[in-house]
There are 2 protein chains.
Amino acid sequence: MKVENIQSLKKILSDKGYKLTKARENTFSALLSPEPQSMATLIEKSQNKVDRVTMYRNIDLFEKLGIVNRIYVGWKYKLELSDNFMDHHHHLSCLSCGKVIDIEDEQHINEFIKSVTDKFSFTPRHHQFEIDGFCIVCSASKKK
Amino acid sequence: MKVENIQSLKKILSDKGYKLTKARENTFSALLSPEPQSMATLIEKSQNKVDRVTMYRNIDLFEKLGIVNRIYVGWKYKLELSDNFMDHHHHLSCLSCGKVIDIEDEQHINEFIKSVTDKFSFTPRHHQFEIDGFCIVCSASKKK
DNA sequence: CCCCTTATTGCAACAAAGTTGCAATAAAAA
DNA sequence: TTTTTATTGCAACTTTGTTGCAATAAGGGG
């Protein structure tokens with residue numbers, strides 16, 4: 001469900017009976033970024049182009065259409081354009097200082113996902129694997 | 001970091017220089033439940049025993065101490081008492097209708113976790129594995 | 001190209017969720 | 001019991017997300 005440009009966005013929308021509007025084009029533009037972004041950031045980037053409420057509604061729609069992923073980092077969620085068939089985020093998150101460490105390694109994971117989704121006839125869009133705990137620094141220190 | 005009773009709660013707190021207070025006892029009581037609960041539920045359960053703000057502060061503290069886990073289900077987080085060494089939640093979440101399907105199967109996962117956390121000298125507290133996509137019903141239907 | 005239908009937008013108003021500063025209070029240590 | 005220091009509750013505020021509705025703009029059909 002990767003969106004390459006405005007035309008492919010239009011196709012995805014119209015296939016489901018939705019319209020391509022200026023607000024949706026701008027929503028899409030705001031999403032272009034190498035990093036996942038918070039809702040607040042998207043809203044700010046689109047100041048006086050897209051209304052706050054419309055932004056919420058379109059992000060919801062995009063998510064249902066598989067155009068964007070909502071991922072959790074620490075306590076908050078962020079948004080990003082879907083990229084490949086299966087986007088993913090694997091990280092370690094420190095409960096104390098909030099540091100986030102990204103991890104790679106997919107092999108085991110991919111088999112696991114396939115076996116599970118097949119079992120429920122579930123169509124995966126993206127996945128997220130988070131381990132919460134304490135980083136090497138915070139494991140040692142006493143308070144805070 | 002499992003808390004068995006008020007005495008073990010007191011020990012965990014005082015070991016780090018925190019005090020055991022009535023508010024914290026009540027926060028702990030509210031957390032007792034077979035199911036993860038939302039912040040709103042905890043606040044409501046403790047009506048006129050613990051102030052809203054204090055509840056937020058103590059839940060934050062408990063999380064840092066590893067007494068509670070914050071888990072994401074669909075779009076919102078819920079809270080639960082830590083139970084074992086490694087709590088976990090694995091589920092499929094439908095982006096369209098919001099249905100959540102729990103999955104078990106740990107084997108691959110556990111090795112994976114160990115290899116990764118060892119590598120970063122990270123002390124795991126709990127983990128969560130979520131696959132977002134479309135359930136068998138929503139994969140078929142056209143809109144919404 | 002214009003008209004018509006219907007989805008979509010922006011606005012205003014509201015509801016929910018989370019945060020901050022501070023004076024009063026209650027643990028725990030002495 | 002007194003003293004010290006963390007913790008609480010309150011009030012006020014910020015941020016985040018939602019709802020209803022009238023005005024507007026896509027896009028399909030003639």
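Sequence lines set the chain letters: A, B, ... in the order given, protein chains first and strands last, and positions in each chain run from 1.
Rounded to an integer number of Å, the gap from CZ of B/Arg24 to P of C/dA27 is 11 Å. For the pair A/Leu42 CG and D/dT15 P, the interatomic distance rounds to 17 Å; values are reported in whole Å. A straight line from NZ of A/Lys10 to C1' of C/dA7 spans 14 Å, rounded to a whole angstrom. Look at NZ on A/Lys49: it is 12 Å from P on C/dG10, rounded to the nearest Å. Atom OH in B/Tyr18 sits roughly 16 Å away from atom C1' in D/dT8 (whole-Å rounding). In this structure, CD of A/Glu25 is placed 9 Å from P of D/dA26, rounded to the nearest angstrom. One can place CG of B/Leu9 at 14 Å from C1' of C/dA27, the figure rounded to the nearest angstrom. Distance A/Asp51 CG to D/dT24 P: 15 Å, rounded to the nearest Å.
Side-chain atoms of A/Ser82 come within 3.5 Å of backbone atoms of A/Ile67 as a donor-acceptor pair (strictly under, hydrogens ignored). The backbone N or O of B/Ile43 sits nowhere less than 3.5 Å from a side-chain atom of B/Arg52 that would complete a donor-acceptor pair. The backbone N or O of B/Thr41 sits less than 3.5 Å from a side-chain atom of B/Ser38, completing a donor-acceptor pair.
Contact check, A/Thr21 against C/dT9: a side-chain N or O comes under 4.0 Å of OP1 or OP2. For B/Thr54 and D/dG9, the shortest distance from a side-chain N or O to OP1 or OP2 is below 4.0 Å.
With distances taken from any side-chain atom of A/Leu20 to the nucleotides C/dG10, D/dA6, D/dG27, the minimum falls on D/dG27. Nearest nucleotide to the side chain of B/Asn58, out of D/dC10, D/dT8, C/dT8: D/dT8.
Using a cutoff of 4.0 Å between basic side-chain nitrogens and carboxylate oxygens, B/Lys11 and B/Asp15 are scored as salt-bridged.
With hydrogens and angles ignored, no donor-acceptor pair closer than 3.5 Å exists between the side chain of B/Lys22 and the base of D/dT8.
The closest side-chain heavy-atom distance from B/Ser93 to B/Asp132 is below 4.5 Å.
Taking the six-membered ring for Trp and thresholds of 30 and 60 degrees, A/Phe129 and B/Phe129 have ring planes inclined between 30 and 60 degrees apart.
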* Asked: Which nucleotides of nucleotides 16-21 of chain D have their base under 4.0 Å from a protein heavy atom (B), which only their sugar-phosphate (S), and which neither (-), written as one string 5' to 3'?
  -> SBBBB-
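Between the side chains of A/Glu80 and A/His126, no donor N or O sits under 3.5 Å from an acceptor N or O.
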